[in-house]
Amino acid sequence: MLTSNVTFLFSISTIKIFTTFCIFRSVDEYRKKEYKAAVKIQSWFRGCRVRAYIRYLNNMIIIIQKWWRGYQGRRYFRKMVETAYFIMKMNFYNEMAVRIQKRWRGYYVRKYTHNYYALKKYLEAISVNNEIVRKELNEYAEMKEKEKEKKDLEKKEKEKEHQARKMHYLLSTEQIAGIYNSPFSKSADPMELLLRKSKPLSHSQQPAKNHLICELCDRSNCTRSPTFPAAQPLPPIGRQKPQGPFRDAAEVLRQRYKPLEPTLRVAASINSLEKAREEIKREEWRNRVHDNEFLPFSSYHKNEKYDPSIHRSGKYGQETYGVKHFREVQPKKWIADKDFQTVLPSIVLFERFGKTYSRTGQIV
């Protein structure tokens with residue numbers, strides 16, 4: 001009986017535990033379902049709020065961009081208008097300047113370069129001068145024509161006279177009438193009259209004169225220097241190249257008349273080496289005093305050994321004067337050991353001569 005009660009009580013407790021577990025599980029599932037629903041509602045609401053905020057921000061950005069782009073466009077348009085106005089103004093100024101320059105250059109050219117009135121006056125003067133020159137040329141041409149006619153008439157008269165002298169044998173005589181003296185004509189023929197006036201030609205032959213003797217005789221009477229006829233130029237020599245191993249004539253002449261180019265041994269004189277040595281000696285003699293720079297405030301050159309010159313050093317020794325010392329010093333010939341004392345006060349700079357100095361100029 002006791003075991004049956006225990007079993008009943010165990011079954012009752014088991015049922016209670018299971019029902020409690022089922023209740024808790026259903027509650028937990030409902031809670032999870034409500035949590036998911038709440039999360040979904042919150043995400044939707046937050047998404048709507050964020051999208052609305054982003055939409056608001058986009059609208060604000062669009063407004064800002066619209067205002068900024070409008071400002072930029074208006075400023076660019078204002079600049080374009082100013083540039084266009086400046087260009088239009090400069091074009092207007094340039095056009096006005098071109099007009100002024102055109103008027104001024106036209107006036108300057110018409111007045112100074114191509115002056116119409118001066119050119120007209122100049123052309124009128126030229127036309128008057130041309131008329132005068134033309135008139136003078138016509139007169140000169142008429143004069144030349146008259147002179148030519150006169151010469152022709154004189155030539156014809158001379159020819160007629162010469163012909164009359166040649167045909168003097170046709171002159172009429174008292175016994176026989178000539179051919180020009182017709183008995184049927186009332187007056188005498190002009191040729192008959194000319195034959196009567198002229199003299200007959202003499203048929204004696206004159207000796208022929210040597211042209212060279214005549215020219216020399218004429219030159220003997222002339223004061224200017226005699227001129228002899230120039231010799232006739234020789235015919236050109238054929239330029240055909242001779243057959244054989246001959247060089248061109250131009251090359252041969254170029255080699256023949258080529259200027260002399262002597263060698264160094266021929267160009268230089270025999271004693272050029274001695275002259276060069278003498279010149280080097282003179283240069284050393286002139287420049288020896290100023291070879292070393294004068295350094296009054298330094299003593300580094302006091303112990304410097306003197307290097308004699310090659311041309312001055314020899315078996316007879318060195319020349320003292322002008323080589324190392326400006327004045328030769330011989331202490332053996334001194335009368336006293338002291339330096340020469342002057343009556344007048346010495347110069348301060350010369351008192352310090354020969355003493356050691358530092359580089360700053362102070363006495364050590």
I need the [X] [atom1] to [Y] [atom2] distance, nearest 0.5 Å.
X	Y	atom1	atom2	value
R110	Y117	CZ	OH	10.5 Å
L119	E124	CG	CD	10.0 Å
K156	E149	NZ	CD	9.5 Å
M167	H162	CE	NE2	10.0 Å
K144	L137	NZ	CG	12.5 Å
K197	L194	NZ	CG	7.5 Å

Side chain proximity check, [X] to [Y], heavy atoms < 4.5 angstrom:
X	Y	value
K33	E29	no
F92	M88	no
Y53	L57	yes

Handout entry: Sole residue of E139, E147, K146 in side chain to side chain contact (heavy atoms under 4.5 Å, CB included) with M143
Key =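 With M143 as partner, side chain to side chain contact (heavy atoms under 4.5 Å, CB included) holds for just one option, E147.
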Can [Y] be reached from [X] by stepping across I, L, V, M, F, W or Y side chains whose heavy atoms are under 4.5 Å apart?
X	Y	result
F86	Y93	yes
Y56	I63	yes
Y169	M191	yes
I23	I17	no

Problem - Residues that V252 engages under side chain to side chain contact (heavy atoms under 4.5 Å, CB included), provided they are two or more places apart - result: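 Listed in chain order: R247.
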Short N-O contact, [X] and [Y], less than 4.0 angstrom:
X	Y	value
R196	E192	yes
E279	R282	yes
R165	E161	no
D28	R31	yes
R134	E131	yes

Problem - Which atom of A164 lies closest to which atom of L195, heavy atoms considered - result: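 For A164 versus L195, the nearest heavy atoms are O-CD2, 3.2 Å.
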Practice task
Might you confirm whether atom CD of Q255 has over 12 heavy atoms from other residues, nucleotides or ligands at distances under 6.0 Å?
Solution key: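 Incorrect, the count does not exceed 12.
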Exercise for the section: Indicate whether the side chain of Q72 and that of R69 have a donor and an acceptor atom separated by less than 3.5 Å. Expected result: no
Problem - Test item: N130 side-chain N/O and I126 main-chain N/O as donor-acceptor pair under 3.5 Å - result: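 Side chain of N130 to backbone of I126, a donor-acceptor pair under 3.5 Å: yes, one is there.
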